[in-house]
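Here is the structure we will look at, set down as structure tokens.
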Amino acid sequence: MHQPDPARLSESLRTQTGAFADTVADLSPDAPVPTCPQWRVRDLVGHVGQAHRWAAGIVRTGTPAGPPDPRATEPGAPENWPAWLAKGAAELIDAVDETGPDRPVWTFLDERPARFWLRRLLNDLVVHSADAAFAAGVDFDVPSELAEDTISETLELMGDPTAARLKAELANLRGTGQTLQFRPTEEPGWLITRTPTGPTWTRTTANADMVVAGSVHELLLVFSGRRSPAEAEVTITGDETLLTHWLTNTPL
């Protein structure tokens with residue numbers, strides 16, 4: 001699994017946590033989150049801040065811990081959200097620094113270097129930044145390289161041989177060679193092949209049974225289920241049932 005430089009991951013986590021805090025700053029804690037209908041804004045904020053603290057504890061101990069329930073997390077009054085969120089991100093960054101980014105720790109797949117959690121929660125934050133943007137009624141805007149890495153890392157996780165044990169729907173991504181491509185405007189696409197043992201992928205632009213093309217931000221919104229293909233600014237060619245099947249079985 002590709003692991004970017006931990007210093008860059010840490011810097012991005014701080015920056016994106018601050019940007020997320022700015023997006024939710026003026027929202028009511030009880031406002032709905034349209035892309036996560038079971039959550040209020042308070043739950044979304046609670047999830048982001050608690051996930052960073054949860055992962056920090058895993059990194060420090062190297063041992064498993066059950067994921068926290070965001071609805072049981074109290075992020076405090078809205079005026080304190082920026083500081084509370086920043087502290088959670090700092091705890092995770094500090095834990096990785098103190099432990100060492102290459103030290104093996106528990107993850108939900110198997111043992112991985114501690115830096116795994118920086119990347120995982122940065123990319124989780126990218127998707128939840130889209131949730132925050134929809135709740136606030138503003139444009140979703142993150143650096144393109146983060147949008148790209150979120151798609152790549154998610155495909156890495158979905159293609160892991162043990163992934164279906166965690167999300168049973170992922171077993172439905174097995175196939176007999178069907179191909180899908182998410183093709184951004186300027187970069188090589190993600191060519192996905194459904195094999196009998198699960199999906200594999202590579203960064204290339206090539207023909208596929210189904211191609212969805214657009215900006216990397218629009219592709220991420222479709223890929224993560226935050227915007228329907230019909231609403232997104234994308235072009236779809238080929239067998240659209242393959243895209244419907246993919247999205248149905250890859251809830252993020």
hydrophobic_cluster_shared for Val234 and Val211, side chain cutoff 4.5 Å: no
Working for ring pair (Phe, Tyr, Trp, His ring centres under 6.0 Å), residues Phe223 and Phe182: CA-CA 8 Å; Phe223 181 84; Phe182 289 84; 5.4 Å; yes
Side chains of Thr200 and Ile192 in contact at under 4.5 Å (non-hydrogen atoms): no
Worked check of side chain to side chain contact (heavy atoms under 4.5 Å, CB included) between Glu153 and Arg120: CA-CA 8 Å; Glu153 189 223 17; Arg120 173 80 293 273; 2.8 Å; yes
Atom of Val222, atom of Ala232 and distance for their closest heavy-atom approach: CG2-CB, 3.4 Å
Glu233, CD atom: more than 12 neighbouring heavy atoms under 6.0 Å: no
Donor-acceptor contact below 3.5 Å, side chain Asp94 vs main chain Glu91: no
Within 6.0 angstrom of Gln38 CD, more than 12 heavy atoms from elsewhere: yes
Derivation of the side chain to side chain contact (heavy atoms under 4.5 Å, CB included) call for Met210 and Thr237: CA-CA 6 Å; Met210 185 289 305; Thr237 55; over 6 Å; no
Greater than 12 external heavy atoms within 6.0 Å of Glu169's CD: yes
Nearest heavy-atom neighbours spanning Arg174 and Arg194: O-NH2, 3.0 Å
Pairwise side-chain contact, Glu111 with Val105, heavy-atom cut-off 4.5 Å (strictly under): no
Thr195 and Thr197: side chain donor to acceptor below 3.5 Å: yes
Nearest atoms (heavy-atom pairs only) where Pro229 meets Ile236: CB-CD1, 3.6 Å
Nearest-0.5 Å distance, CG of residue Leu170 to OG1 of residue Thr162: 10.0 Å
Reported CD1-to-CG distance for the pair Ile151 and Leu146, which is rounded to 0.5 angstrom: 11.5 Å
Evaluation steps, side chain to side chain contact (heavy atoms under 4.5 Å, CB included), between Val96 and Ser10: CA-CA 9 Å; Val96 173; Ser10 296; 5.9 Å; no
Close side-chain approach of Pro64 to Phe108, heavy-atom, < 4.5 Å: no
Flag, side chain of Lys167 to backbone of Pro251, donor-acceptor distance under 3.5 Å: yes
In one Ile/Leu/Val/Met/Phe/Trp/Tyr side-chain cluster, 4.5 Å: Val127, Val212: no
CG (Asp110) with more than 12 external heavy atoms under 6.0 Å: yes
Nearest heavy atoms of Ser144 and His217, plus distance in Å: OG-CE1, 3.4 Å
Shared hydrophobic cluster, Leu191 / Leu180 (ILVMFWY, side-chain heavy atoms < 4.5 Å): no
Beyond-backbone contact of Pro188 with Arg183, side-chain heavy atoms, under 4.5 angstrom: no
Sole candidate of Asp69, Asp124, Thr73 that passes side chain to side chain donor-acceptor pair (under 3.5 Å) when paired with His47: Asp124
Taking every non-hydrogen atom, the tightest pair across Ala21 and Pro82: CB-CA, 4.0 Å
Donor on one side chain, acceptor on other, Asp209 and Gln178, under 3.5 Å: no
Gly76 backbone acceptor or donor facing Asn80 side chain under 3.5 Å: no
Connected via hydrophobic side-chain network under 4.5 Å: Leu122 and Ile58: yes
Chi angles and distances behind the side chain to side chain contact (heavy atoms under 4.5 Å, CB included) call for Leu92, Leu121: CA-CA 9 Å; Leu92 176 55; Leu121 291 188; 3.9 Å; yes
Donor-acceptor side-chain pairing of Thr63 and Thr61 below 3.5 angstrom: yes
Pairs involving residues 48-82, ordered by first then second residue, that meet ring pair (Phe, Tyr, Trp, His ring centres under 6.0 Å) (sequence neighbours left out): Trp54-Trp117
Sub-4.5 Å side-chain heavy-atom contact between Asp30 and Val41: no
Criterion ring-ring contact (aromatic ring centres under 6.0 Å, His included) against His128, the qualifying member of Trp39, Phe134, Phe20: Trp39
Within 45° cone of Trp190 ring axis and under 6.0 Å: Arg203 NZ or CZ: yes
Spacing of CD belonging to Glu231 relative to CZ belonging to Arg226, to within rounding of 0.5 Å: 14.0 Å
Side-chain heavy-atom pair Trp246, Leu173 within 4.5 angstrom cut-off: yes
Under 3.5 Å donor-acceptor, Glu74 side chain and Ala72 backbone: no
Ala171 to Ala164 - nearest heavy-atom pair and separation: N-CB, 3.9 Å
Any Ser224 side-chain heavy atom under 4.5 Å of Thr35 side chain: no
Min side-chain heavy-atom separation Asp149-Val126 under 4.5 Å: no
Arg112 charged N/C atom sitting above Trp106 aromatic ring, 6.0 Å / 45°: no
Path from Leu166 to Phe116 over hydrophobic side-chain contacts below 4.5 Å: yes
Heavy atoms from other residues, nucleotides or ligands near CG of Asp26 exceed 12 (cutoff 6.0 Å): no
Polar side chain donor-acceptor pair, Thr241 to Asp239, under 3.5 angstrom: yes
CG-CZ distance between Leu109 and Arg165, expressed to the nearest 0.5 angstrom: 7.0 Å
Pairwise distance CZ(Arg115) to CG(Asp5) - rounded to 0.5 angstrom: 7.0 Å
Pairwise distance CG(Leu221) to CD(Glu218) - rounded to 0.5 angstrom: 5.5 Å
Other residues, nucleotides, ligands: >12 heavy atoms within 6.0 Å of Arg103 CZ: yes
